[in-house]
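The chains referred to below are lettered A, B, ... by the order of the sequence lines, with proteins before strands, and numbering in each begins at 1.
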Amino acid sequence: MSLEKAWVQDLLSWYEKEHRALPWRQNRDPYRIWISEVMLQQTKVETVIPYYERFMSKFPTLDDLAAAPEDEVLKAWEGLGYYSRARHLHAAVKEVSARYEGRVPDAYEAFRALPGVGDYTAGAVLSIGYDVPVPAVDGNVLRVYARYVGMNDNVLSPKVQKRVREALYLVMPEGRSSDFNQAIMELGALVCKPKSPRCDDCPLHFTCVAARLQMQHELPVRTKSVSAKVEHLAVLILRSEDKWLVRKRPTRGLLANLWELPYVVMENPQIDGNILKALHQFSNQLGASTKDFVWVGEYKHVFSHLTWELKVYSSEAEPFEVMMPYRWIDEKDRQTMAFGQVFNKILSAIEKW
DNA sequence: AAGACGTGGGA
DNA sequence: TTCCCAAGTCT
């Protein structure tokens, strides 16, 4: 025990003294822990308590719950929200009742595989119920961790969450994973709060990077990824002899000055008759002759990641005169293309046509 | 990976 | 009052 880091001892001592007496902390029955953890997903402790009390007196053991009809389980859940939690829990409990003789499995893989059991719930139930040495990383833990070590990575990122799990696994005190996990969560709930952290009352105050740097209000970083902007583009693919029609992009901004296939941005995600007509007219203005091939492609533009699909083609264009900044290119000019990879794919697809 | 899933509490 | 949003799992 003396081998543990001092801050782990401070944390554990704080938890022993300050933790709340909650209904699911009366004993370590893994079934009771499990129910509490599922109810606590996205739900505040004060909201959960009355539901938990009622639920446990209605379904005192795992086999009681497994034997109940789903309607009754949902009825007991009524008002708690996220009802798939209840349905998954019921299904999982029935599986445990049937396959594991009503005993909650203590093997991580087995328990994690049950419906409704994700990384957090698996860690929480197994560590709290059985002292299995596995971290339980919820929003509280991410916040405490990010502040304590001064981590400014986005904690919403699954990759970052994985790193946190791994880091915590390495510092878990032997045989104390239950108290350790609960202590961090309790600290997050009572002291290291999102809005007004009580740093003066924190057992980790003197070794906390955020406190030292007065960064507790800036951490954790939780940047929602801007929902990817999607553009649907109708692309004109015009070939005359061995040459392809391209145009020059604007001199500023994304892929400035590069050459690209001419396109129009569509209102709707699909090429319709109007777009076809416009593109056809466009190719006429560009003077495509009847022996030229005109394809219409569809780009889907997500951020700067481009996917495409070849939709239709026609070869009914009329003669024309090419105007700048349009230009016909052949094979050797391709290095100037924007979205060159996509262009190459289009060409090879058309060759195979 | 991004949105759906419920409700309650805070801005 | 209305709007915004939390931070687990599934799809």
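The salt bridge (Lys or Arg N to Asp or Glu O under 4.0 Å) contacts involving residues 44-67 of chain A comprise A:K58-A:E72, where partners must be two or more places apart or lie in separate chains.
Listed for the A:D131 side chain is a donor-acceptor partner under 3.5 Å among the backbone atoms of A:S178. Within the 3.5 Å criterion, the main-chain N or O of A:A86 finds no donor-acceptor partner in the side chain of A:H90. Side-chain atoms of A:D10 do not come within 3.5 Å of backbone N or O of A:L204 as any donor-acceptor pair.
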task = Test A:Y82 against A:W77 for ring-ring contact (aromatic ring centres under 6.0 Å, His included), laying out the working first.
result = CA-CA 9 Å; A:Y82 281 126; A:W77 207 271; over 10 Å; no
key: Footprint string (nucleotides 5-11 of chain C, 5' to 3'): B base within contact, S backbone only, - free, heavy atoms under 4.0 Å   = -SBBSS-
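Annotation: B:dG3 and C:dC4 have their P atoms spaced 16 Å apart (nearest Å). Nucleotides B:dA11 and C:dA7 have their P atoms positioned 14 Å apart, rounded to a whole Å. For the P atom pair drawn from C:dT2 and B:dG6, the interatomic distance equals 23 Å after rounding to whole Å.
Relative orientation of the A:F180 and A:W7 rings is tilted, given thresholds of 30° and 60° on the angle between their planes.
When each of A:E78 and A:K159 is assigned the nucleotide of DNA chain B with its nearest heavy atom, A:K159 is the one assigned upstream, toward the 5' end.
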